[in-house]
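Take a look at the structure below.
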Amino acid sequence: MNLLARMSDGPAVSPVSPRRELGAYEALWLEPGATFKTIADRFAADPTAVPSDFVSAAVADARASEVLATLKKAGVSRFGIRLNLTGNYPKKLRDARHPVEMLYFQGAWELSETRCVAVVGSRTATDDGIRRATKIARALVEKGFTVVSGLAAGIDRAAHTAAIEAGGNTIAVIGTPIGTYYPKENEALQRRIAEEYLLISQVPVLRYANQHVPQNKLFFPERNVTMSAMTEATIIIEASDTSGTLTQARAALQQRRKLFILDSCFERRDITWPVNFEKKGAIRVRELANIFEALGDDSPTPEN
């Protein structure tokens, strides 16, 4: 890994080693009681710090070796990281309540710099939900947007697939480490996105490997917060009152992103969340034009 330029408010002030920072960040996650909040609070208290400021070089290097060995065993030969305070870290991620200091990625990072809209919803999607997600993803592609989702079953898979089939771009923000496939039936799709589009994970490799499945499920709602921060809007296709999708809805409003909810959600009598979020500023979508009008007249247009 090459050196990254460590940034201040102006020019680069000193180089950092991606490998050492990766190892240091993973080491922070192995500390007892570590959460996204506790780690974010630590960096908030020292805004100029990078992970290696909190971890010895020996420990950081050892953890980095463990990560690389774990990823190699999982079949991951190529990946990158994005670290806060270095040039390629997206500043929009700092809008999250507990912003992540480091991301893993595979694929074309430049897609993160395009205009992105998230399309999300239930894992146990209805046939109508799949059709709606497909229609909206295709419409976003036609307007030149990158479609972002979480690579879960149901709505997420439909959104990614529709974007690809329409000849557009897609980004997957996953709730597992790179090289881990969940659900298993999405493995081929995940591999394709990692190779041809962009796959992002904020999940620490060693912490994930060292704890049990119930604890690892907590990474999924946290990735929704990051997904919202990476996009300018979130579109909810369908979701129950207890769906993890609502984590992203709350994050979108907190981060001052646009939140769109399909009219079909309001027509359901078994859920109450659509009306509650509309009162807080969400936009009810009765037709596709509602989305693009709210996104502005400067919507990108596809290249010929």
Side-chain angles (χ1 to χ4, degrees), residues 36-37 92-93 95-99 115-141 143 145-160 162-163 171 173 175 217-297 299:
F36 284 103
K37 181 182 185 304
K92 56 191 173 183
L93 290 187
D95 292 338
R97 182 167 295 177
H98 308 304
R115 291 190 71 184
C116 299
V117 174
V119 179
V120 295
S122 175
R123 286 179 168 85
T124 55
T126 64
D127 291 341
D128 284 341
I130 296 295
R131 283 192 290 270
R132 291 178 182 123
T134 298
K135 179 179 180 180
I136 287 174
R138 287 174 177 169
L140 288 168
V141 167
K143 289 288 187 177
F145 288 93
T146 294
V147 176
V148 183
S149 200
L151 204 60
I155 298 301
D156 290 14
R157 179 183 174 90
H160 290 302
I171 299 173
V173 184
K217 287 182 179 179
L218 299 177
F219 287 120
F220 285 91
E222 294 292 346
R223 67 87 189 272
N224 287 95
V225 176
T226 295
M227 193 194 312
S228 172
M230 291 204 65
T231 59
E232 61 184 270
T234 289
I235 303 172
I236 298 180
I237 305 299
E238 60 182 14
S240 69
D241 276 331
T242 58
S243 173
T245 300
L246 303 189
T247 297
Q248 186 154 337
R250 288 186 287 271
L253 295 178
Q254 183 267 324
Q255 297 162 3
R256 300 186 182 277
R257 305 298 196 260
K258 290 182 173 65
L259 175 63
F260 298 101
I261 303 172
L262 297 198
D263 190 52
S264 53
C265 295
F266 289 88
E267 294 173 349
R268 289 177 56 179
R269 295 292 175 262
D270 60 326
I271 55 176
T272 59
W273 66 264
V275 171
N276 293 334
F277 279 102
E278 186 180 30
K279 291 177 181 177
K280 297 176 182 177
I283 300 168
R284 185 169 182 168
V285 179
R286 292 182 170 87
E287 54 185 17
L288 279 173
N290 299 148
I291 296 174
F292 298 114
E293 288 168 1
L295 289 174
D297 294 333
S299 297

Any chance you could lay out the side-chain contact (heavy atoms from CB on, under 4.5 Å) test for V117 and T146, step after step, and finish with the verdict? CA-CA 6 Å; V117 174; T146 294; over 6 Å; no
side-chain hydrogen bond (donor to acceptor under 3.5 Å, both in side chains) test vs R257 passes for just one of T234, D95, T231, namely D95
Test side-chain contact (heavy atoms from CB on, under 4.5 Å) applied to I236 and L259, step by step: CA-CA 8 Å; I236 298 180; L259 175 63; 3.9 Å; yes
Can you name the salt bridge (Lys or Arg N to Asp or Glu O under 4.0 Å) partners of R131, sequence neighbours left out?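 Scan of R131 (salt bridge (Lys or Arg N to Asp or Glu O under 4.0 Å), adjacent residues dropped) gives D128.
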Measuring only between side-chain heavy atoms, which start at C-beta, is [X] closer than 4.5 Å to [Y]?
{"X": "V148", "Y": "V119", "answer": "no"}
{"X": "I235", "Y": "I237", "answer": "yes"}
{"X": "F260", "Y": "N290", "answer": "no"}
{"X": "I171", "Y": "C116", "answer": "yes"}

In sequence, state the C-alpha distance, the side-chain angles, and the governing distance for E232 and R115, and then conclude on salt bridge (charged side-chain N to carboxylate O under 4.0 Å, His left out). CA-CA 7 Å; E232 61 184 270; R115 291 190 71 184; 2.5 Å; yes
Salt-bridge contact D156-R123 (side-chain N to carboxylate O under 4.0 Å): no
Main-chain N/O of [Y] paired to [X] side chain as donor or acceptor, under 3.5 Å:
{"X": "R269", "Y": "E267", "value": "yes"}
{"X": "K92", "Y": "M230", "value": "yes"}
{"X": "Q248", "Y": "M227", "value": "no"}
{"X": "S243", "Y": "L246", "value": "no"}
{"X": "W273", "Y": "A239", "value": "yes"}

Apply side-chain contact (heavy atoms from CB on, under 4.5 Å) to the pair I261 and V285, showing each step before the final yes or no. CA-CA 6 Å; I261 303 172; V285 179; over 6 Å; no
Pairs where residues 270-284 contributes a residue and the test salt bridge (Lys or Arg N to Asp or Glu O under 4.0 Å) is met, not counting sequence neighbours: D263-R284, R268-D270
How far apart are the C-alpha atoms of S264 and E238, what are their side-chain angles, what is the distance that settles it, and do they pass the side-chain hydrogen bond (donor to acceptor under 3.5 Å, both in side chains) test? CA-CA 8 Å; S264 53; E238 60 182 14; over 6 Å; no
So L295 and F145, side-chain contact (heavy atoms from CB on, under 4.5 Å) or not? Walk me through it. CA-CA 11 Å; L295 289 174; F145 288 93; 3.7 Å; yes
Donor on one side chain, acceptor on other, Q255 and S228, under 3.5 Å: yes
In a table with atom names and distances, give each donor-acceptor pair under 3.5 Å that connects a side chain of residues 132-141 to protein atoms at least two apart or in another chain.
unit_1 : atom_1 : unit_2 : atom_2 : d
T134   : OG1    : I130   : O      : 2.9

